[in-house]
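Reviewing the structure listed below.
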2 protein chains.
Amino acid sequence: MIKPKPQTVAAWTSLVSANRVLLETIEDALKRADLPPLSWYDALLEIERAEPGGIRPFELKERLLLPQYGMSRLLDRMARAGLVDRDDAEDDGRGQVVRLTPKGRTTRQAMWPVYAGVLTRRIEPHFTDAEAAELARLLQRLGGGR
Amino acid sequence: MIKPKPQTVAAWTSLVSANRVLLETIEDALKRADLPPLSWYDALLEIERAEPGGIRPFELKERLLLPQYGMSRLLDRMARAGLVDRDDAEDDGRGQVVRLTPKGRTTRQAMWPVYAGVLTRRIEPHFTDAEAAELARLLQRLGGGR
DNA sequence: CCAATATAGATGCAGTTGCATTCACATGAG
DNA sequence: CTCATGTGAATGCAACTGCATCTATATTGG
């Protein structure tokens with residue numbers, strides 16, 4: 001019979017809780033500022049980083065850990081909102097290249113202070129610099145990287 | 001202009017990643033074992049802990065950090081699946097008392113080894129006991145407890 | 001007691017997600 | 001070249017979530 005150590009269970013439950021609470025705080029803040037949800041931020045940032053060549057949806061989904069259909073629909077919504085352009089890929093008739101529109105760029109820039117504000121206010125007061133670094137180091141072992 | 005420390009951002013992004021990866025692994029394992037999703041486990045456990053008196057949905061939603069409508073619907077589904085009973089509360093005409101059915105109890109018991117197995121295999125190899133405890137300790141400061 | 005307000009829980013609707021499948025183009029073996 | 005197989009992306013459908021609202025009972029102030 002498998003029996004995890006108490007520390008293991010404690011680490012997992014506190015991880016889930018922390019994630020939930022922080023996520024909710026961030027989504028709330030974005031909503032109150034009349035900005036798109038957090039998932040859009042991550043996508044916008046990743047697309048911006050891929051400038052000026054743009055990025056293929058299948059690369060994006062790997063970096064964001066989204067399922068293929070999730071990526072497809074997220075891009076749909078962002079395109080409908082005028083934040084990204086999807087053009088057919090020159091060199092692959094099946095695929096596309098995604099790029100930010102100017103509005104996409106400004107939207108990401110508008111989201112950052114809200115996002116950063118929550119992170120700063122909700123994380124930094126609880127840790128010394130060394131503790132935060134240690135926390136990041138430990139957590140990185142769980143996610144496989146990124 | 002708000003500018004979080006790099007450690008803060010690193011801690012947050014690795015937290016999100018770790019959460020996503022582990023959650024997905026657990027849900028996958030449960031699905032492959034033909035068992036209900038993880039959210040049911042948490043609810044079943046909390047209800048079981050409240051035996052024999054049962055628990056009120058509004059208490060449950062607070063312990064599980066779910067919105068009221070989320071709790072209401074989760075209980076709907078679990079009741080439809082025959083895992084819980086909802087009876088009118090004796091002392092409060094507005095409310096109910098939730099209890100496990102025998103099937104609810106066995107289902108929770110069936111889920112645990114799958115859940116525990118993933119936790120053990122995906123967490124314990126990466127940490128010493130002290131590290132796991134330290135991780136839990138640091139994370140607890142973020143979620144406000146639980 | 002009555003009216004005003006608060007709390008427990010359900011629900012209609014729109015938007016999102018998961019799953020499975022589909023379509024189109026790409027690639028490699030013969 | 002041609003067929004079989006693989007890969008990039010979209011989509012129909014059912015389930016789930018968020019939001020706002022609604023109903024019913026409880027509580028409080030007068």
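Here is the naming used below: chain letters follow the sequence lines, and residue numbers restart at 1 for every chain. Any value given below was found using the heavy atoms of this structure, including those in side chains, with hydrogens, waters and symmetry copies removed.
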request  = Among C:dT17, D:dA9, D:dG18, find the nucleotide with the atom closest to the side chain of A:P57.
outcome  =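 When the side chain of A:P57 is considered, D:dA9 is the closest of C:dT17, D:dA9, D:dG18.
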remark   = Closest of C:dC19, D:dC19, D:dA9 to the A:S72 side chain is D:dA9
task = Determine the contact category for A:K31: base if any of its heavy atoms lies under 4.0 Å from a base atom, sugar-phosphate if only primed atoms, P, OP1 or OP2 are that close, otherwise nothing.
result = sugar-phosphate
query = With a non-hydrogen cut-off below 4.0 angstrom, is B:R56 in contact with a base, only sugar-phosphate, or nothing?
reply =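 Touches sugar-phosphate only.
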Distance check needed: [N] [atom2] versus [X] [atom1], whole Å only.
| X | N | atom1 | atom2 | value |
| --- | --- | --- | --- | --- |
| B:L66 | D:dC16 | CG | P | 14 Å |
| A:K61 | D:dT7 | NZ | P | 10 Å |
| A:L74 | D:dA10 | CG | P | 12 Å |

message = Quiz question: going by heavy-atom distance under 3.5 Å, is there a donor-acceptor pair between the base of C:dG12 and the side chain of B:R73?
response = yes
task = Evaluate whether atom CD of A:E24 has more than 12 neighbouring non-hydrogen atoms of other residues, nucleotides or ligands under 6.0 angstrom away.
result = no
ask   = How about B:D34: does its CG atom have over 12 heavy atoms from other parts shown lying under 6.0 Å from it?
value = no
request  = Using a cut-off of strictly less than 4.0 Å between a heavy atom of the residue and any atom of DNA chain C, enumerate the qualifying residues of residues 87-96 of chain B by number.
outcome  = B:R94, B:G95, B:Q96
message = The criterion is side-chain contact (heavy atoms from CB on, under 4.5 Å); which residues satisfy it with A:T120, sequence neighbours excluded?
response =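 Counting only residues at least two positions away or on another chain, A:T120 forms a side-chain contact (heavy atoms from CB on, under 4.5 Å) with A:E124, B:I2, B:P4.
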Of B:Y69 and B:E62, the one whose closest DNA chain C nucleotide lies more 5' =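 Going by which nucleotide is closer to the 5' end, it is B:E62.
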ask   = Distance-only, no hydrogens or angles: does the A:R56 side chain make a donor-acceptor pair with backbone N or O of A:Q96 under 3.5 Å?
value = yes
